[in-house]
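Structure first, then comments.
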Amino acid sequence: MRVLKTKEEVSSLVGQLKSQNLKIGFVPTMGALHQGHLSLVKSGLDVNNVVFVSIFVNPTQFDNAQDLEKYPRTLDRDVELLQTISDSKIIVYAPSVEDIYSDNVISTSFSFDGLEFEMEGRFRDGHFDGVGTIVKRLFEIVTPNNAYFGQKDFQQLQIVKKLVEKYDIPVKITGCEIYRESSGLAMSSRNERLKTEYKKEAPFIYKTLKAAKVKFGTKSANKVAEWVEKEFAKNDLLELEYFIIADVETLKPVKRKSKQKKYRAFIAAYADDIRLIDNIALN
Ligand code: AMP
């Protein structure tokens, strides 16, 4: 498998591929790959000739220095895992911080029409400026025809769609289903760091989301939120940061339900010092 380290190598290869009219798919990741990431790569392989997978722990999207430092970095294992799907059609781009940022490791400021102020935006300072900065830069380097993002990070997915629309970037964005462990826990690179008792308890998040979905059929968003908060208050291991039912287009919390709109419920919770997020479609 080709593992490229610099943007020059990527540009040169992309030039060759495009001169042969080949379709390029792209899956940006921070590595520590799992089956959730692989499901995005597989979607990419279905409709593109080649899929680039970037593996880059982007410093500007972390608001917490410890979280950045502790983020797992497992490039050799990641490459092995990708090889189980295809050796010749996947190209890894694993740049250094200098290759992406030179010596200026800062974010650009973006407006995503308010999407950036909800949920994760309220709890992770500067996070979406960091995401916008890295995704835009990677799109400029890889120039993919199609790019794949997980619904696991639903707010990020909507923000990337907004980025592409605002900057007129010629790439089609596809949102992929959340891939779960058999326990229901959404797969995440952070799960590896969960101590046994927390790992055992973490499926509670999805269980609660599923129950919230049922309750939303007959109850108001406020009533459902009250119920979820009570359930978490009874849980000794998981600490709820937020539960929100939001309109999928604006990501604003729903006040009064409308049959014309689509909603999702979102949770962020701490298991020990590890922050987990998950969400579910409600209608
Ligand atoms: P990350 O490496 O965590 O930045 O994730 C890279 C991409 O994989 C993002 O688009 C995520 O939304 C997606 N992703 C992460 N976990 C999952 C999952 N469990 N199911 C589907 N997509 C995922």
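Since we're looking at a predicted model, the values are computed, not measured. For ligands, and for the atoms within them, numbers begin at 1 and follow the listed sequence.
In the vicinity of Phe149, heavy-atom distances shorter than 4.0 Å reach the ligand 1 atoms 10 (O).
Using a 30° and 60° split on the angle between ring planes, Phe216 and Tyr263 fall in the perpendicular class, above 60°.
Within the 4.0 Å heavy-atom cutoff, Glu177 counts among the residues contacting ligand 1. His34 counts as a contact of ligand 1, since one of its heavy atoms falls under 4.0 Å from the ligand. Ligand 1 lies nowhere less than 4.0 angstrom from a heavy atom belonging to Ala32.
Geometric assessment of Lys161 against the ring of Phe149 yields a negative cation-pi assignment under the 6.0 Å and 45° thresholds. For Lys219 and Trp227, the positive end is not near the middle of the six-membered ring at less than 6.0 Å and at most 45° from its axis.
Considering backbone and side-chain N/O of Met187, one or more are found under 3.5 Å from N/O of ligand 1. Residue Gly150 has at least one N or O atom closer than 3.5 Å to an N or O atom of ligand 1. Polar contact with ligand 1: present for Tyr179 (N/O pair, distance under 3.5 Å).
What sits closest to atom 3 (O) of ligand 1 on the protein, heavy atoms only, is Tyr71 OH, 3.8 Å. Ranking the protein heavy atoms by distance from atom 7 (C) of ligand 1 puts Pro28 O, 3.7 Å first. Here the heavy atom of the protein found nearest to atom 8 (O) of ligand 1 is His37 CD2, 3.4 Å. Taking atom 12 (O) of ligand 1 as the reference point, the nearest protein heavy-atom neighbour is Asp153 OD2, 2.6 Å. The closest protein non-hydrogen atom to atom 4 (O) of ligand 1 is Met30 CG, 3.6 Å. For atom 23 (C) of ligand 1, the closest non-hydrogen atom of the protein is Lys152 CB, 4.0 Å.
Less than 6.0 angstrom separates the ring centroid of Tyr71 from the ring centroid of Phe62.
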**Prompt:** salt bridge (charged side-chain N to carboxylate O under 4.0 Å, His left out) between Glu226 and Lys230: does it pass, once the steps are laid out?
**Reply:** CA-CA 6 Å; Glu226 271 170 31; Lys230 275 193 194 134; 5.0 Å; no

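With a 4.0 Å heavy-atom cut-off, ligand 1 is reached by no atom of Leu157.
Nearest heavy-atom pair, Ala202 versus Leu276, reported as atom, atom and distance to 0.1 Å: CB-CD1, 4.0 Å.
Side-chain contact, Asn58 with Tyr101: a donor N or O sits under 3.5 Å from an acceptor N or O. Side-chain contact check for Lys136 and Thr108: no donor-acceptor pair (N or O, by modelled atom type) lies under 3.5 Å.
Distance alone, capped at 3.5 Å, is enough to place a donor-acceptor pair between the Gln155 side chain and the Glu118 backbone.
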